[in-house]
Amino acid sequence: MAAIYSLYIINKSGGLIFYKDYGSAGRMDTNDSLRVASLWHSMHAISQQLSPVAGCSGIELLEADTFDLHCFQSLTGTKFFVVCEPGTQHMEGLLKAMYELYTDYVLKNPFYEMEMPIRKSG
Amino acid sequence: MAPVIPRSGDAIFASVERVNAELFTLTYGAIVRQLLTDLEEVEEVNKQLDQMGYNIGIRLVDEFLAKSNVSRCIDFKETAEVIAKVGFKMFLGVTASVSNWDADGTCCSIILEDNPLVDFVELPDTCQGLYYCNVLSGVIRGALEMVSMKTEVTWVRDMLRGDDAFELQVKLLKQVPEEYPYKDDE
């Protein structure tokens, strides 16, 4: 059964603002998750420069032996990415849905400071 | 990945949660009234409304992009069209039109025939310098700044001052794409 291991949201400067793991396969301690986030941010930016095609918007899918990483970058620079089992379907739809939820619940919260980590309550 | 078709302003307007138009108009009116009482200077109120609009715009743009599925605009002309047709429709329920393009394509006017913010409003003589809808200019400026465009947005025509329509002049100052700073250590 296809499963999601973890979910990350990073702001436009590469800082991790949201991280959630599902199950022990994706679990990381705080420092590691911050490192993964900034590493991914850099790789994503470098890939745009490396691309032979002009106007590349960065890595959308990374396929490895034991996991897939799907990434969605909004036009404002916020990146949403999910680490999941290889072959998991509909991740792009999931990322788009997450973007909508982010705009409806995070950005509309008047106490949320832009670019800061998202506090989840409850 | 299947290409996502951008949604029309009407379709999104119908699908989002809406508030009563009068509630919206009266709430905005109360805000402006309170700012006038607190700040007293009309210029200060104009600046504050612009700042409030800016703070709204920087958050609003993500909602706009998420719900409308527009792809990156090719040039500023397309950007202005998208703001007028999809943006205004989606958030205010009115369609605006774009005109008065200058030779470089960096400056245009967005014209609103209908503006829900100004229903029931009349400006008294004591507030003649007030740009009542200045929040809208801040919203556009804030939203565009989050997608790497520095702009200057000013009011050209204002129905509350006796003109026949609301006209906003949007001028693109600079495109500032996010660059990965690897050249910093050289």
Side-chain angles (χ1 to χ4, degrees), chain A residues 9-14 17 38-51 54-61 68 70-80 89-116 118, chain B residues 1-7 12 15-19 27 31 51-52 54-76 78-79 82-83 86-87 90-91 139 141-150 175-185:
Chain A
I9 305 182
I10 47 188
N11 64 22
K12 56 163 65 148
S13 16
I17 59 176
S38 39
L39 196 85
W40 182 254
H41 172 78
S42 317
M43 272 191 14
H44 194 269
I46 294 172
S47 69
Q48 290 178 297
Q49 304 279 331
L50 280 178
S51 167
C56 170
S57 57
I59 304 178
E60 284 175 355
L61 170 62
D68 280 354
H70 294 257
C71 179
F72 169 71
Q73 182 181 43
S74 72
L75 292 174
T76 53
T78 312
K79 286 184 263 302
F80 298 80
Q89 298 297 307
H90 312 302
M91 290 291 105
E92 295 94 41
L94 173 76
L95 292 172
K96 282 237 80 209
M98 267 185 69
Y99 185 36
E100 270 196 55
L101 291 172
Y102 168 76
T103 66
D104 279 335
Y105 293 99
V106 176
L107 294 181
K108 289 188 185 172
N109 178 351
F111 301 110
Y112 171 68
E113 284 173 55
M114 295 286 290
E115 314 288 299
M116 289 285 114
I118 298 167
Chain B
M1 199 158 66
V4 209
I5 306 150
R7 299 167 70 187
I12 314 167
S15 67
V16 294
E17 263 182 54
R18 280 157 285 161
V19 293
T27 307
I31 291 174
Q51 185 58 34
M52 284 164 61
Y54 178 80
N55 292 334
I56 294 174
I58 60 180
R59 295 171 183 239
L60 187 125
V61 67
D62 268 313
E63 185 184 355
F64 173 70
L65 292 171
K67 300 208 166 137
S68 65
N69 293 330
V70 292
S71 50
R72 188 170 283 278
C73 291
I74 307 171
D75 57 13
F76 190 61
E78 196 182 333
T79 308
V82 165
I83 294 175
V86 190
M90 180 175 157
F91 291 105
V139 170
R141 184 171 65 89
L144 289 176
E145 193 167 311
M146 293 301 272
V147 282
S148 345
M149 285 181 249
K150 279 199 112 52
Q175 290 259 17
V176 276
E178 301 273 334
E179 287 275 331
Y180 190 69
Y182 6 67
K183 297 198 167 34
D184 275 1
D185 338 90

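Letters A, B, ... are given to chains in the order of the sequence lines, protein chains preceding strands, and every chain is numbered from 1.
- Heavy atoms only, all atoms of each residue included: S47(A) and H44(A) are closest at OG-O, 2.7 Å.
- Side-chain atoms of T78(A) do not come within 3.5 Å of backbone N or O of S74(A) as any donor-acceptor pair.
- Ion pairing of R59(B) with E63(B) is absent here, as no side-chain N (NZ or NE/NH1/NH2) approaches a carboxylate O to less than 4.0 Å.
- Remark: R72(B) pairs with L75(A) by the side-chain contact (heavy atoms from CB on, under 4.5 Å) rule, at least two apart or across chains.
- Residue contact with chain A, scored on non-hydrogen atoms closer than 4.5 Å, is absent for I56(B).
- Only the side chain of Y102(A) comes within less than 4.5 Å of a heavy atom in chain B; its backbone stays farther off.
- Of the listed residues (D62(B), V61(B), V147(B)), the one with the most heavy-atom contacts under 4.5 Å to chain A is D62(B).
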